[in-house]
Amino acid sequence: MAPGDKSFHMVSWDAAKKLNLMKSFPKREAAESAFTALGDVPKILVSGETGDVVLANGNKPMVDQAVGFFYT
């Protein structure tokens with residue numbers, strides 16, 4: 001995350017593998033489509049430029065876990 005990072009980063013939970021997955025997208029539209037396509041799994045979408053979480057799904061502990069994974 002830095003000024004000029006126009007990417008969007010998604011962290012999602014893979015329950016079968018019991019781990020967080022991270023994927024980056026060059027445009028917000030692509031990121032939002034992928035976010036929606038994952039369905040009802042815990043996940044967050046973060047703006048690379050500001051570091052803001054722009055979308056989140058899941059219960060609070062799982063969303064907090066995704067945030068922690070992204071920022072560490």
Side-chain angles (χ1 to χ4, degrees):
M1 299 166 316
D5 179 0
K6 303 288 186 192
S7 298
F8 289 83
H9 310 283
M10 182 170 61
V11 176
S12 60
W13 175 250
D14 185 329
K17 295 180 181 176
K18 299 196 184 300
L19 56 86
N20 286 307
L21 304 173
M22 187 168 160
K23 188 166 183 181
S24 296
F25 302 88
K27 301 212 181 245
R28 184 169 181 162
E29 294 80 21
E32 287 181 355
S33 293
F35 187 92
T36 302
L38 278 179
D40 193 30
V41 300
K43 58 193 178 262
I44 61 170
L45 184 63
V46 180
S47 166
E49 181 128 21
T50 63
D52 293 337
V53 175
V54 293
L55 292 172
N57 183 72
N59 61 31
K60 184 167 176 22
M62 293 304 288
V63 169
D64 289 348
Q65 176 181 317
V67 170
F69 176 84
F70 182 77
Y71 289 108
T72 56

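Residues Asn57 and Val41 share a closest heavy-atom pair of ND2-O, 2.8 Å. Closest approach of Ala56 to Val63, counting heavy atoms only: CB-CG1, 4.1 Å. Here the shortest heavy-atom pairing between Val53 and Val46 reads CG2-CG2, 4.1 Å. Residues Ser12 and Leu38 share a closest heavy-atom pair of CB-CD1, 3.7 Å. Here the closest heavy-atom approach between residue Leu45 and residue Phe8 is recorded as CD1-CB, 4.1 Å. Across every non-hydrogen atom of Ser47 and Val54, the tightest pair is CB-CG1, 4.3 Å.
Considering CG of Asp52 and CD1 of Ile44, their distance stands at 11.5 Å, rounded to 0.5 Å. From Lys23, atom NZ reaches atom CZ of Phe35 across 14.5 Å, with rounding to the nearest 0.5 Å. In this structure, CE on Met62 lies 7.0 Å from CG on Asn20, to the nearest 0.5 angstrom. Summarising the geometry, atom CG belonging to Asp14 is positioned 13.0 Å from atom NZ belonging to Lys43; distances are rounded to the nearest 0.5 Å. Annotation: the span from Trp13 atom CH2 to Leu19 atom CG amounts to 6.5 Å, rounded to 0.5 Å.
Hydrophobic clustering (side-chain heavy atoms under 4.5 Å, transitive across Ile, Leu, Val, Met, Phe, Trp, Tyr) groups Met10 together with Leu55.
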**Report entry** Test log, rule side-chain contact (heavy atoms from CB on, under 4.5 Å), inputs His9 and Phe25
**Finding:** CA-CA 6 Å; His9 310 283; Phe25 302 88; over 6 Å; no
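Side-chain N or O atoms of Asp5 include one that pairs as donor or acceptor with a backbone N or O of Ser7 at under 3.5 Å.
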